[in-house]
Amino acid sequence: MNADAVREKLSGVASAGIAVKKAAAPERLKNGRFLAGAMVAGVLLFIFSLQQLHFDYARLGSGTLELLTMAVKMWPPNAADWRLVLLAAAETLQITWLAILLSVAMAFGLSFFGAANISPHRGIFWLVRGFAALMRAIPVLVWAIIFVAAMGLGPLPGILALAIHSLGMMVKVFADSIEEMDQRLLEALRASGASWLQVVVRGVVPSVATYFLSWTLLRFDIDLRYATILGVVGAGGIGWQLIRAMRMYELNEALFITIVIFAMLYAVEMLSNYLKKKIIKTA
Amino acid sequence: MDWQSYQRKKRRYTVLLLAGLTGITVLSINTTGFSMARAGAGLGEILRFILVDMLPPDWGSISRLLQPTLDTLYMSVVAMGTSALVSFILAFFAAGATTPHPLLQVIARAFATLLRTIPDMVWVLLIVPAYGLGVMAGTIALFIAGVGLLTRAFAEALDEIDMGQVEALKAAGSSWLQIMGRAVMPQFWPELLSWSLFNLDTNVRSSAIIGMVGGGGLGFAIQAGIKLFQFEEVTMAILMTVVLFVGIEFLTTVLRRNII
Amino acid sequence: MSPILTVQGLKKVYNDGTTALQGVDFTVQPGEFLAIIGPSGAGKSTLMRCINRLVEPSAGKVHFNGADVLKANQRQLRLLRREMGMIFQSFNLIPRVTVLDNVLNGRLGYMNSVKGAIGLFPQQEIEAAMRILARVGLSDQAFKRASELSGGQQQRVGIARALAQNPKLILADEPIASLDPVTSESIMNYIYRICREDGITCLINLHQVEFAKQYATRIIGIRAGHIVFDGAAEQLTPAIIQQIYH
């Protein structure tokens, strides 16, 4: 589940992705023969993959039947443990909030060293960029599983895993925003004798603040989705409640938990979209 | 407005905002038991764990990990193909420009939102009891989440097509099928392919970890390695995951550039 | 009187191989209002940026107020730069902060690095900045965001920022090239009047010969990185203009 990229594309702020895609989409496809070849290859790959997975189609049928029976059994949702579930949902939100806080604080500092136009040294620039690439290449759940193995169960390894992974993306997008800003503004500050620190704080920060803020909102959305499932590896939150319910085959409770997850994610997505629009308007 | 009142106004706003955020943070720290000291100690432990227990990677396990890696790829391809097909049909209901009835549009959109908003990892948890552990449950979970993503994306693409071309054909007396083939599809194709390739990308990323809750593939190998304390093999699996990500991303980028 | 600025054998070759300046010599006396004219790409902007080292010259010497600019280290360079105010073609204001903050940015060279960064300006500097804004007729705009102002107003903020530096020299790089004719006239008036009143020496890059003739005490014509004319406005004959621009 890589909400990262999904949101990057879907969100209004992450216009980079969309703009590129839009600009690259002409009226007609450009390379007809290549396309035809790719389509045939794609279909063949699909058939080959399907074969290689060795699905037991009888099981697919009976499983689907079973799923439908389960779905019926799930109704009505059982909210008897609502206090526990809501507390777990709150914990998920808090894990996300702390992870965001940590990663934004660190990324904010690092991004000025990872932006080619203001990084004090070429070597530092590559170091920061490489570090960030590594952090985000490894999936959150893999970080979480490592952290849980190293530190034991609980929300803390979850927070750190989320923070590390988001740090990777935040450093990249923050530094990119800095690189995209109008260089002439910085020239003016340098010309008046401002120091590096002054150029950064008085020139760069006010110019990129709204971008940073919208990226942070977007990332909150993504991290919340991740935090929802952190429980899977024992790192706390509402995911753990869902696993518990499913293990005990408490289907009605599982439905209630799923509804809570949906409501929480949907509400936060709406809220963050609303805030992003507002931020962009004031910018 | 003079300097002082300007400063005062600005300060009041900042103080309010900071107080609110600090409140949330303190509450979060209290309930999650987070502390910088513990985080610092934990980071030391993590570093030791990574440097001592996880390195060097167990190169010998490559042959064992090859099958899970391929499974991850196969799951992604099959899920992408099926969800693109289903979404293609659903999108015509979900797009305002093509829907046969507004009510159907609302239903299709709500359905897509539901599938998209619930994380695919949660879908796996919900369907594993029905399909059993393994690649089938993983593929189906990816398929469900993919339908949510693509239906919305395709519908938006359909809504953005230039209706002028459609009207021109309508005015010339073309049939529904002719309009679709000559005006709608030529504009829709690039978006369709671009989003499907994007979905392949996200599927690979998801399927690598979906295994941790019983969806097969590399995630399952990582989870199993941790449980059996085979940490160097886990490192190898992580490396293969990263290589797979980068490889697929490269491939989809090249394809996208050449096709669209 | 000793010259305020001496430029000797100044050369600039960019990394991509283009030669912008091929040996430029001139001397500026205090109080001069010197216009530099020439076609686009002649090297006017590079010349100006070599003087305060926003662009590093490849060879030559620049002396400002007795100091060797090209030999200055980072710290000394900051001290030299704060005495040279710069005005830009595209104003180069920070759009999301207030007009007053933009003017105060001109004081950064005088501040301790950290204090300046977090904006702890002493009360008298804020008052001084407000007085400068009054001089360019922008008192009532002080707390607006810079981006809300019109082009002409933004350039007046640019002038105020340069003025806040208490400069001995103002480098104005095509200050009116992005403005309409009426606004251009008014901006030229502001720059000229302020430099005269405060006794600030001014180097101004101009594209329009008429403005140069109208205001400058002396004109330098540059073509393809060479000085082809250096003299009073009256000496600038149509034939010479022809030579500079064609």
Side-chain angles (χ1 to χ4, degrees), chain A residues 13 15 105 108-113 115-122 124-125 174 177-217 275-283, chain C residues 45 48-49 51-55 72 74-98 101-121 145-147 157-158 161-167 170-171 173:
Chain A
V13 236
S15 48
F108 183 77
L110 282 176
S111 56
F112 300 105
F113 297 89
N117 52 343
I118 59 163
S119 183
H121 191 273
R122 210 67 205 152
I124 298 176
F125 164 77
F174 280 10
S177 328
I178 296 173
E179 285 176 3
E180 279 159 23
M181 71 169 283
D182 189 346
Q183 302 309 308
R184 295 174 301 189
L185 309 186
L186 308 184
E187 198 183 29
L189 290 185
R190 289 197 186 110
S192 69
S195 66
W196 185 82
L197 186 71
Q198 290 171 342
V199 171
V200 168
V201 180
R202 303 276 303 176
V204 180
V205 172
S207 307
V208 296
T210 48
Y211 294 103
F212 280 20
L213 205 56
S214 354
W215 277 115
T216 305
L217 281 171
L275 286 176
K276 266 180 281 174
K277 259 187 216 131
K278 230 180 138 176
I279 288 171
I280 289 169
K281 217 185 279 167
T282 59
Chain C
S45 275
M48 212 149 257
R49 282 170 171 71
I51 293 173
N52 63 4
R53 274 174 67 189
L54 283 178
V55 168
Q74 276 304 317
R75 235 191 76 75
Q76 290 161 334
L77 183 62
R78 282 187 64 195
L79 300 185
L80 288 170
R81 277 179 178 172
R82 70 187 197 187
E83 310 219 293
M84 304 188 240
M86 194 160 187
I87 300 172
F88 300 85
Q89 173 179 348
S90 44
F91 329 131
N92 299 6
L93 304 180
I94 311 293
R96 295 216 180 92
V97 304
T98 60
D101 270 309
N102 269 292
V103 177
L104 285 169
N105 280 345
R107 297 301 300 170
L108 289 176
Y110 290 91
M111 299 274 290
N112 161 301
S113 192
V114 176
K115 268 191 174 170
I118 54 179
L120 289 179
F121 295 96
R145 284 172 173 213
S147 53
V157 179
R161 177 177 59 194
L163 213 52
Q165 291 177 230
N166 254 333
I170 280 185
L171 303 168
D173 184 24

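Lettering of chains follows the sequences in order, A, B, ..., and the numbering in each one begins at 1. Atoms considered below: every heavy atom in the structure, side chains included; atoms not considered: hydrogens, waters and symmetry mates.
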Can you tell which part of [X] gets under 4.5 Å to a heavy atom of chain A, answering side chain, backbone, both or neither?
X: C/Ser113; answer: both
X: C/Arg107; answer: neither
X: C/Arg49; answer: side chain
X: C/Asn112; answer: backbone
X: C/Ile87; answer: neither
X: C/Met84; answer: backbone

Inset, instruction - Select one option (side chain, backbone, both, neither) describing which atoms of A/Leu185 are under 4.5 Å from chain C's heavy atoms. - result: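 The answer is both parts of A/Leu185.
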Nearest heavy atoms of A/Ile178 and A/Gln183, plus distance in Å
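Taking A/Ile178 first and A/Gln183 second, the nearest heavy atoms are O-NE2, 4.1 Å.
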Query raised in the report: Taking all atoms of both residues into account, what is the closest heavy-atom pair of A/Val199 and A/Arg190, and its distance?
Result: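 Scanning both residues completely, I find the closest heavy atoms to be CG2-CG, 4.0 Å.
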Please check this pair: side chain of C/Glu83 against backbone of C/Pro167, looking for a donor-acceptor N/O pair closer than 3.5 Å.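 Judged by distance alone, no pair lies under 3.5 Å.
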What is the ring orientation for A/Trp196 with A/Phe113, classed by angle as parallel under 30°, tilted 30 to 60°, or perpendicular over 60°?
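Rings of A/Trp196 and A/Phe113: tilted, as their planes differ by 30° to 60°.
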Just by distance, no angles: are the side chains of C/Asn52 and C/Arg81 close enough, under 3.5 Å, to form a donor-acceptor pair?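 Not at all, the side chains of C/Asn52 and C/Arg81 share no donor-acceptor pair under 3.5 Å.
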- Item | Side-chain donor-acceptor pair present, C/Arg161, A/Ser192, cut-off under 3.5 Å |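 No.
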query: For chain A, which of C/Ala164, C/Gly116, C/Gly158 has the most heavy-atom pairs under 4.5 Å?
result: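 Result: the option with the highest number of such pairs is C/Gly116.
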